[in-house]
Amino acid sequence: MAQIEFQQVGKRYANGHVALDNLDLRIRDKEFLVLLGPSGCGKSTTLNMIAGLEEVTQGSLRFDDTEVNGLPAHQRDVAMVFQSYALYPNKTVYDNIAFGLRMRKHPRQEVDTRVRAAAESLEITHLLDRRPGQLSGGQRQRVALGRAMVRQPAVFLMDEPLSNLDAALRVSMRAHIKALHQSMQTTFVYVTHDQAEALTLADRIVVMRQGVVQQIGTPDDIYERPANKFVANFLGSPPINLIDGLLMQGDNGLHFRCGDFSLALDRDVQRSLAGCSGRAVSIGIRAEDIDEHGDATDCALTGDIASLLPVGSDQFIGMQCAGRSMFFRVDKERACKVGERVTLAVNRRRLHIFDQTSGVNLKAHNA
Ligand code: ADP
């Protein structure tokens, strides 16, 4: 049982660099929480503070209502898995997994039972006599997971554990990690810069930028209702299409204008943006939020296909619209040609509208 709470926690390194600024966050018991953001935004620093590997320089870090700021790492009931598996090269897989339990003087029979149970759930029983040098990257990472699992910690910390694996293996390891969370029934905190990984694994995601939290929410919240332009841009593949322009009041109500390109806003959206006429905004359109067969009378994007980007299950096209390249999804079955002119209808209900300067999502903000 472990709930972790950050109360106005900050981290200033000895050189004066502020890696984490005033974090307020309560990680619930048994939650799978993902810290997501670009390299250098403070994710590992935050995780290392939970592990007791980095000092908290401001605020209070608490496990189940007890402050742990000064508690040494070995007295915290946490286990950690790193990107660089950190296995002992001269020990067998069995001995690597058993090592932590033996150090803590667990009885031999109990060590054996736990090692074999972990190996079975990670499907590495047949590898127990091998040494790390005789394993693939994915197998080594499963050994590292097994070593942390057998400790049965109250908190399981993972720092980019899949970054060294190839794309296919990353996807199958995500499933392993998700199953692990379900079977261990413990609190997981997971660091990644990979938005797809975060969306797949998390109960909640914390999006960070330069030491500052941008948004905390479920994967659905973060993807569907991004708090700002940074969050919208960081999640989704291909990235969201952003166009700068102005909100203007016309005969048919509020619309968005950028040069010759004009887009009427949905009635509900207009209501949430009352009083915003004249405002400089960026609209965000996700590739999947347009439809060639939709009603395009007042929400059309016309342009020439510049590139074809089939990804197996989907077909995306690159197009020049409103003076910039944008990506859209079209029917997978549709035959497309570079240079072909197409008209696509934007799903206006799913349009994101951000203040151009602050980046704040005006729909969410004014709702
Ligand atoms: P992330 O895990 O998101 O890539 P980190 O938490 O590792 O980011 O680092 C956050 C910021 O703190 C970075 O700008 C990094 O250069 C800086 N940083 C990390 N460790 C130290 C340190 N020991 N001394 C000074 N600055 C550091």
Side-chain angles (χ1 to χ4, degrees), residues 4-27 31-63 68-73 76 78-86 141 144-145 148 155-165 170 173-174 177 187-217 219 222-223 226-237 239 359:
I4 302 161
E5 189 169 1
F6 290 81
Q7 292 179 348
Q8 299 184 347
V9 169
K11 173 69 186 179
R12 181 188 289 272
Y13 280 109
N15 64 358
H17 181 78
V18 177
L20 184 68
D21 191 17
N22 227 11
L23 174 64
D24 277 312
L25 169 69
R26 181 181 295 167
I27 305 173
E31 182 170 30
F32 198 133
L33 187 107
V34 174
L35 301 172
L36 174 70
S39 180
C41 71
K43 307 179 296 292
S44 297
T45 300
T46 307
L47 197 75
N48 289 339
M49 286 197 287
I50 300 174
L53 304 174
E54 281 298 350
E55 188 198 346
V56 172
T57 57
Q58 178 206 304
S60 178
L61 175 63
R62 310 173 85 84
F63 284 10
V68 295
N69 289 25
L71 194 69
R76 302 185 186 196
V78 303
M80 194 151 171
V81 176
F82 301 91
Q83 177 178 351
S84 62
Y85 324 114
Q141 194 53 291
L145 287 172
V155 181
F156 209 102
L157 305 176
M158 283 177 268
D159 195 346
E160 305 259 12
L162 308 184
S163 295
N164 285 346
L165 306 180
R170 275 211 297 274
M173 282 299 289
R174 280 181 209 158
I177 289 177
T187 311
F188 274 42
V189 188
Y190 188 104
V191 160
T192 184
H193 62 268
D194 180 332
Q195 51 94 28
E197 208 162 283
L199 291 170
T200 312
L201 291 173
D203 292 324
R204 279 191 309 159
I205 300 172
V206 178
V207 185
M208 300 173 68
R209 180 194 197 188
Q210 295 176 351
V212 179
V213 168
Q214 305 293 302
Q215 188 170 4
I216 302 174
I222 303 269
Y223 189 78
N228 58 37
K229 212 158 45 164
F230 175 83
V231 174
N233 206 25
F234 200 77
L235 286 108
S237 174

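Just so you know, ligand 1 is whichever comes first in the structure, and atom 1 is the first atom listed for that ligand. Keep in mind it's a predicted model, so treat the numbers as computed, not measured.
- Summarising the geometry, atom NZ belonging to K11 is positioned 10.0 Å from atom CG belonging to L20; distances are rounded to the nearest 0.5 Å.
- Between E54 and ligand 1, no pair of N/O atoms sits closer than 3.5 Å.
- Residue N15 touches ligand 1 through its side chain alone, judged by heavy-atom distances below 4.0 Å.
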- [ ] Check the pair R170 / T200 against side-chain contact (heavy atoms from CB on, under 4.5 Å), numbers first and verdict last.
- [x] CA-CA 11 Å; R170 275 211 297 274; T200 312; over 6 Å; no

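- Within 6.0 Å of CZ on R12 lie no more than 12 heavy atoms contributed by other residues, nucleotides or ligands.
- Distance check on atom 14 (O) of ligand 1: some protein heavy atom falls below the 4.0 Å cut-off.
- When all heavy atoms of Q8 and D24 are compared, the pair lying nearest together is N-OD1, 2.9 Å.
- The shortest N or O to N or O distance between G40 and ligand 1 is below 3.5 Å.
- With respect to atom 7 (O) of ligand 1, the closest heavy atom belonging to the protein is S44 CB, 3.8 Å.
- Heavy atoms of H17 found under 4.0 angstrom from ligand 1 belong exclusively to the side chain.
- Ring-plane geometry between F32 and F188 is classed as tilted, the angle between the planes lying from 30 to 60 degrees on a 0 to 90 degree scale.
- From the protein, the heavy atom lying nearest to atom 19 (C) of ligand 1 is Y13 CE1, 3.5 Å.
- The presence of a protein heavy atom under 4.0 Å from atom 17 (C) of ligand 1 is confirmed.
- The single protein non-hydrogen atom nearest to atom 9 (O) of ligand 1 is T45 OG1, 3.8 Å, given as residue, atom name and distance.
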Open item on the list: Could you walk me through whether L36 and T192 satisfy the side-chain contact (heavy atoms from CB on, under 4.5 Å) test, starting with their C-alpha distance in whole Å, then the side-chain angles of each, then the deciding distance to 0.1 Å, before giving a yes or no?
Closed with: CA-CA 5 Å; L36 174 70; T192 184; 4.1 Å; yes

Task: CA sep, side-chain torsions, deciding dist, call: D21, Q210, side chain to side chain donor-acceptor pair (under 3.5 Å) - done: CA-CA 9 Å; D21 191 17; Q210 295 176 351; over 6 Å; no

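- Between C41 and ligand 1 there is a heavy-atom distance shorter than 4.0 Å.
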